[in-house]
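Okay, so here's the structure we're looking at.
When reading the values below, keep in mind they use all heavy atoms of this one structure, side chains included, and skip hydrogens, waters and symmetry mates. Reminder, nothing fancy here: chain letters follow the sequence lines and each chain counts from 1.
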Amino acid sequence: MDYFIELFFGGLTRGSIYALIALGYTMVYGIIGLINFAHGEIYMIGAFTSFIVATVLSIYGFPVLAIVVIAGLAAAVWSASYGFTIEKLAYRPLRKAPRLAPLISAIGMSIFLQNYVLLAQTSDFLPFPALIPEFAFMEPVAHIVGSSDLVILVTTALVMIGLTFLIKFTKIGKAMRATAQDKTMAVLVGINVDRVISATFIIGSALAAIGGLLIASHIGQINFYIGFIAGIKAFTAAVLGGIGSIPGAVLGSLVLGLTESFATGYVSSDYEDVFAFSLLVLILIFKPSGLLGKAETKKV
Amino acid sequence: MSEAILKVSGLTKNFGGIKAIDNVDLDIRPGEIVALIGPNGAGKTTFFNCLTGIYTPSAGDIRLCNPKSGLKTKLNGMKPNKITEKGMARTFQNIRLFPTMSVLENVMIGRHCRTKAFILGAIFRNPATRREEEEIIEMSYDILKKIGLHKEVNEEARNLSYGAQRRLEIGRALATEPFLLLLDEPAAGMNPKETEALVRLIRQICSEGHSILLIEHDMKLVMSLSDRIFVMDYGKKIAQGTPEEVRSNPAVIKAYLGEEVDA
């Protein structure tokens, strides 16, 4: 039973990280209908930024909590500025182009960013300091649920609540929903759609950066390639839940995380991806719009 | 006579070789209800799209003059959201509400361009942002009362009846505080009772200081409501004047009913 619970929490942790990244995919898709393939790289850049900041701060002997908070904020801001810039440079000029053009631009951006980090940093795996300490109160259950799992779960939950609030109740959230539902009409009621799209990229990128910090600290190493794999997984999770739907992205991520965790635990870690993608195929066969996605019916 | 709040001169819009609008002049004075009529395909909606910045005119001039501040703006080439900020709002021929947002939210969103708070305000929720939010809600309720939807505030817009959706579109446009309201076939598909309520609503809006330019096919509505009428056919303006003048204008009759053929 302990083993089951351990796998269960491991899956939830994994799913939470996917969710932080998947939200960026799904929000951008919801608003401009683009799969932002460079989003995984944003997450990777977030991990690198927090690595650099955390290393510098630990040299100066900052307390661990301060390091986590400052590194997290720095990563969020830095990644957000990347997200903002990518949208401006690579997607905005193509807003009126056929759908394939920005998609290819996104893939190009992803390759560019990977290689940029490869050249600017290193191709080796870098040991990431364990930023999250082992809490004393977690001692009795530490063999099942680690402290960093707990921190990841709590952080993700808080971020989700904050995001839900932002989208449901604030002005920018209303503007985002309006833009997603009818861009032309949104402009006509006076919404600056460009600004709303920028804000979406900023929020999505900041979330991915937080994910980057958490997972890097959890796993203990980073390299320039982590964004690709995490990006594909998070994208899968977003599609699984119904791309464009925010609760769908979260649900899809948790389902994917749990599937992978149980597959690893009961079968073999070699089969992790087999199970994950088989699940995706099955869901797409039986519910093509994803778990919570709306079937798109175009009014004619 | 006071100055025109909207002055369109020589407006032309080409789509490839087709002249959808050909050298059209039009003006609206403060407090007026002006109708734009014409057979289907005459270019009326294209004309609206040029005014509101969805299309960029091929030639011609669109000038808006705020009756309160006297501020004049040339609208050609401006972005639609900027034009809305200048005080012109519109509704669509086919309903374009935000379907899964509530009635209240649909109106509140119209208020967006008049408020300042943005992403930081949303995160920190400072007192100014909160006050602004309260004012928006209050004002939105006033508008909903005016259009008779104050009992359905939390309903999703798509669940409203057809007539109510049309009124909500007008309410959302009003929330942007326009001095000029463009209505594209507001009575389309309405039953006589709904049309009657609409006429009352338009009159009330006009009496509160908004000028109105409307496209409509319901001639009874047009004739009873408008101060002046402009008639378009094949992209050209073929007539203008008071309802009486237009009704008896041979060119208008020809455009609508065709020419008599001597057999």
Open item on the list: Using every non-hydrogen atom in the two residues, find where Val187(A) and Pro80(B) come nearest and quote the distance to one decimal.
Closed with: CG1-CB, 3.0 Å
Open item on the list: Let me confirm one number: the CG-CD1 distance from Asn81(B) to Ile191(A), rounded to the nearest 0.5 Å.
Closed with: 9.0 Å
Open item on the list: Between Lys174(A) and Glu133(B), does any NZ, NE, NH1 or NH2 come within less than 4.0 Å of an OD or OE carboxylate oxygen?
Closed with: yes
Task: Top contributor to chain A contacts, counting heavy-atom pairs under 4.5 Å, from Arg172(B), Met101(B), Lys79(B), Arg90(B) - done: Met101(B)
Task: Per-residue contact mode, Thr176(B) against chain A (heavy atom under 4.5 angstrom) - done: side chain
Task: Short side-chain to backbone donor-acceptor contact, Thr84(B) and Leu188(A), under 3.5 Å - done: yes
Open item on the list: For the CZ atom of Phe92(B) and the CE atom of Met185(A), what is their distance to the nearest 0.5 Å?
Closed with: 5.5 Å
TODO: List the atom of Glu105(B), the atom of Lys168(A), and the distance in Å for their closest heavy-atom pair.
DONE: OE2-O, 3.7 Å
Task: Flag if over 12 foreign heavy atoms under 6.0 Å of CD1, Ile18(B) - done: no
Open item on the list: Just verifying a value: how many Å separate Ile136(B) CD1 and Lys171(A) NZ, rounded to the nearest 0.5 Å?
Closed with: 6.0 Å
Task: Exercise: identify the closest heavy-atom pair between Asp182(A) and Phe98(B) - done: O-CE2, 3.7 Å
TODO: Check the surroundings of atom NZ in Lys13(B): do more than 12 heavy atoms from other residues, nucleotides or ligands lie under 6.0 Å from it?
DONE: yes
Task: Ala186(A) versus chain B, the contacting section by heavy-atom distance below 4.5 Å - done: both
Open item on the list: Need one label for Pro178(B): side chain, backbone, both or neither, based on atoms under 4.5 Å from any heavy atom in chain A.
Closed with: neither
Open item on the list: If you count heavy atoms of other groups shown closer than 6.0 angstrom to CD of Glu138(B), is the number above 12?
Closed with: no
- [ ] Of all the heavy-atom pairs spanning Ala175(A) and Ile109(B), show the shortest one and how long it is.
- [x] N-CD1, 3.6 Å
- [ ] Inspect the surroundings of CZ in Arg99(A) and state if more than 12 heavy atoms from other residues, nucleotides or ligands are less than 6.0 Å away.
- [x] no
TODO: Let me know if Lys82(B) has heavy atoms under 4.5 Å from chain A in its side chain, its backbone, both or neither.
DONE: neither
